[in-house]
Amino acid sequence: MSTLLERDRRVVWHPYAAPEARPLFGVESAQGVRLRLEDGRELVDGMSSWWSAIHGYRHPRIEAALEDQLHRLPHVMFGGLTHESAVRICERLVALSPEGLERVFLSDSGSVAVEVAIKMALQFWQSKGRAKKRRLLTIRGGYHGDTFGAMSVCDPVTGMHGLFEGNLATNLFAERPVCRFEDACEDADIADLAGLLEKHRDELAAVILEPIVQGAGGMWFYSPDYLTRVRTLCDEAGVLLIADEIATGFGRTGRFFACEHAGITPDLLCVGKALTGGTLTLAATLTTGEVSAALAEGEAGVFMHGPTFMGSALACAAANASLDLLEEGIWREQVSAIGDQLRVELEACRSMPAVADVRVLGAIGVVELHEPVDLSIVQPEFVEQGIWIRPFGALVYTMPPYLIESDDLSLITRGIREVVSRIG
Ligand SMILES: *Cc1c(COP(=O)(O)O)cnc(C)c1O
């Protein structure tokens, strides 16, 4: 009989992987902050399943909400029909997001939430009789998803734009902000973006960026001051601002939304990942009253998008349960305690030969190396250490579930120190 891994390698694709993914580990179950492998080994999860499982796995409150929803209404089409769980999650997102965001479009993944935001920005300018405004400006080092519109604003190098040349919209890229989170933003730090905005204002629909934390494009934390200035520059140039909070939303950076570090309201805001606490896929795009009013007045009179599984009742129920947990407020102390502990326990990495930089923000710890890691070597080493850490490129990073206990977090940091110390 073939093993799970053998069967997998015959027919399954994995993210950003060759057809026969290696190394690969079978997961049998998960509970709290632990993944249980097929062979009985247990790993402390340092990744929250890519930012999403903020309450750990199988949280009883989320399970109860799912069970209740499952027995009443798992899903119903959202065209012409509505239901309590969807209305409630939209009301709550509006209440929790920066002042001025008033209407919510639900979708099924982060990439689609970004597509929706881009489409809304284009339809907005159409409605205003400014149809030439249809390009986007972003900063290098960004990541916004894998569909074509989203890909066109990912970092052109790490996003391998060359592969898809001719099929991708040609957007504009400003230098990434060099000013760190702790620093002020000098005029020089934003000169490139300011120049591009000024030069191309008549053809620009929107600036799109990840506020404060650039995630998969480089795990880079930049100055809130920079973001404040981007908001002002967009207003001056008459260009919309799209904030992609798919990774940063729901407390990960120490604020509920990363935009709060700068006190700004974007014209469009995308959320996803942790929205359901990592149980089901759900994403959303929030807009201001001004944007939604303009769409209603435009030629189409409607917003031209509508996923089949829009407003999935099960996903919305999970999201409401996750927000219930967040609204109890314990996440604030948890995120800040994780950050403090990561700062202390990852510091020893800084002097290791392979390490270029160590940085921590909120409940995110990053060890940046000089050279990309060889996953075929380091992935099994992390598993040997009893932790689940999935580096990409030269970045070894962790963003554990908020409820992780200090001893378990120490297992993660000790494992990272041990594996990184053997590199280079
Ligand atoms: C993960 C991510 C996306 C894409 O979300 P998917 O659910 O994978 O489609 C978009 N933007 C950011 C900032 C992300 O981290």
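Atoms within each ligand, like the ligands themselves, are counted from 1 in listed order.
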Taking atom types as modelled and ignoring hydrogens, do the side chains of Asp45 and Tyr57 form a donor-acceptor contact shorter than 3.5 angstrom? yes
Which residue pairs pass the salt bridge (Lys or Arg N to Asp or Glu O under 4.0 Å) test when at least one of the two sits in residues 23-32, sequence neighbours left out? Glu28-Arg36
Short side-chain donor-acceptor distance under 3.5 Å, Gln214 and Glu210: no
Near ligand 1, which protein residues have a heavy atom under 4.0 Å away? Ser109, Gly110, Ser111, Tyr143, His144, Gly145, Glu210, Asp244, Ile246, Ala247, Lys273
How about Phe250 and Phe256: are their ring centres within less than 6.0 Å of each other? yes
Could you pull out every donor-acceptor pair under 3.5 Å between side chains of residues 156-163 and any protein atom, sequence neighbours left out?
unit_1 : atom_1 : unit_2 : atom_2 : d
His161 : NE2    : Met151 : O      : 2.7
His161 : NE2    : Cys154 : O      : 3.3

What pairs of donor and acceptor atoms, side-chain ones from residues 366-373 against any protein atom, are under 3.5 angstrom apart with sequence neighbours left out?
unit_1 : atom_1 : unit_2 : atom_2 : d
Glu368 : OE1    : Arg359 : NH1    : 2.8
Glu368 : OE1    : Arg359 : NH2    : 2.8
His370 : NE2    : Val355 : O      : 3.2

